[in-house]
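As structure tokens, the structure follows; a few thoughts come after it.
Numbering starts at 1 and runs along the sequence shown. Here the structure is a predicted model, which means the values were calculated and not measured.
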Amino acid sequence: QVQLVESGGGLVQVGGSLRLSCATSGRTFSSYALGWFRQAPGKEREFVAALSRLGEITYYADSVKGRFTISRDSAENTVYLQMNSLKPEDTAVYYCAARPRGSDVYARAEYVFWGQGTQVTVSS
């Protein structure tokens, strides 16, 4: 069983930055690739960013490309999402998720383990 625990959300002004963390259990990185999704009120949960299983390739939604950076620290079993130049439309609950090797990076249904989410609110 994989456990994912997000932290780092909060309230920030437009143009500000936040770094989200996702602490993972045990040997998650050896079997799963990690990603971030977000869900705004009244909207579908959408893909934000992901890593390949080995962590050498990054993937981003067009809406966050150039502003967000996903990374991982294998020694700490933690995945990060650095968010810069935040906009009001980035306001959402952000979820960390894990998918098995060979699955579709962008497909929400491929992610089999999910964290509880952390709220990010960007005020204008």
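Shortest non-hydrogen contact noted between W36 and L20 is CH2-CB, 3.6 Å. In plain terms, the two heavy atoms of F29 and S74 that are nearest each other are CE1-CA, 3.7 Å. S103 approaches E110 most closely through the heavy-atom pair CB-OE1, 2.9 Å.
Every pair tested for ring-ring contact (aromatic ring centres under 6.0 Å, His included) that includes a residue from residues 80-100 fails, sequence neighbours excluded, so the list is empty.
Tracing side-chain contacts under 4.5 Å through hydrophobic residues (I, L, V, M, F, W, Y), one never reaches L18 starting from F37; they form parts of separate clusters. By the criterion of side-chain heavy atoms lying less than 4.5 angstrom apart, applied directly or through intervening Ile, Leu, Val, Met, Phe, Trp or Tyr residues, V12 is grouped together with V14 in one hydrophobic cluster. Taken together through direct or relayed side-chain contacts under 4.5 Å among Ile, Leu, Val, Met, Phe, Trp and Tyr, L51 and F113 form part of one hydrophobic cluster.
A 4.5 Å side-chain heavy-atom check between R99 and D104 finds every atom pair outside the cut-off. Side-chain contact between E76 and S21 is absent, with no heavy-atom pair separated by less than 4.5 Å. Between M83 and D90 the shortest side-chain heavy-atom distance does not fall below 4.5 Å. In this structure, the side chains of R38 and L81 stay at 4.5 Å or more apart for every pair of heavy atoms. You'll find the side chain of Y111 stays beyond 4.5 Å of the side chain of R45, heavy atoms only. Under the 4.5 Å side-chain criterion, counting only non-hydrogen atoms from C-beta, R72 is not in contact with L34.
A donor-acceptor contact closer than 3.5 angstrom is absent between the side chains of S17 and R19.
Within 6.0 Å of the CD atom in E89, the count of heavy atoms belonging to other residues, nucleotides or ligands exceeds 12. Environment of CD in Q119: crowded, with over 12 heavy atoms of neighbouring residues, nucleotides or ligands closer than 6.0 Å. Counting non-hydrogen atoms of other residues, nucleotides and ligands closer than 6.0 Å to CD of E56 gives a total above 12.
Side chain of T91 to main chain of V122: a donor-acceptor pair is present (N/O by atom type, distance under 3.5 Å, no hydrogens or angles). In this structure, the side chain of R67 engages the main chain of S85 through a donor-acceptor pair within 3.5 Å. Of the possible donor and acceptor atoms, one in the side chain of Y60 sits under 3.5 Å from a partner among the backbone N and O of I70.
Under the ring pair (Phe, Tyr, Trp, His ring centres under 6.0 Å) test applied with F47, the options F68, Y59, Y106 reduce to a single match, Y106.
Using a cutoff of 4.0 Å between basic side-chain nitrogens and carboxylate oxygens, K65 and D62 are scored as salt-bridged.
Under the side chain to side chain contact (heavy atoms under 4.5 Å, CB included) criterion, Q116 pairs with V5, E6, sequence neighbours left out.
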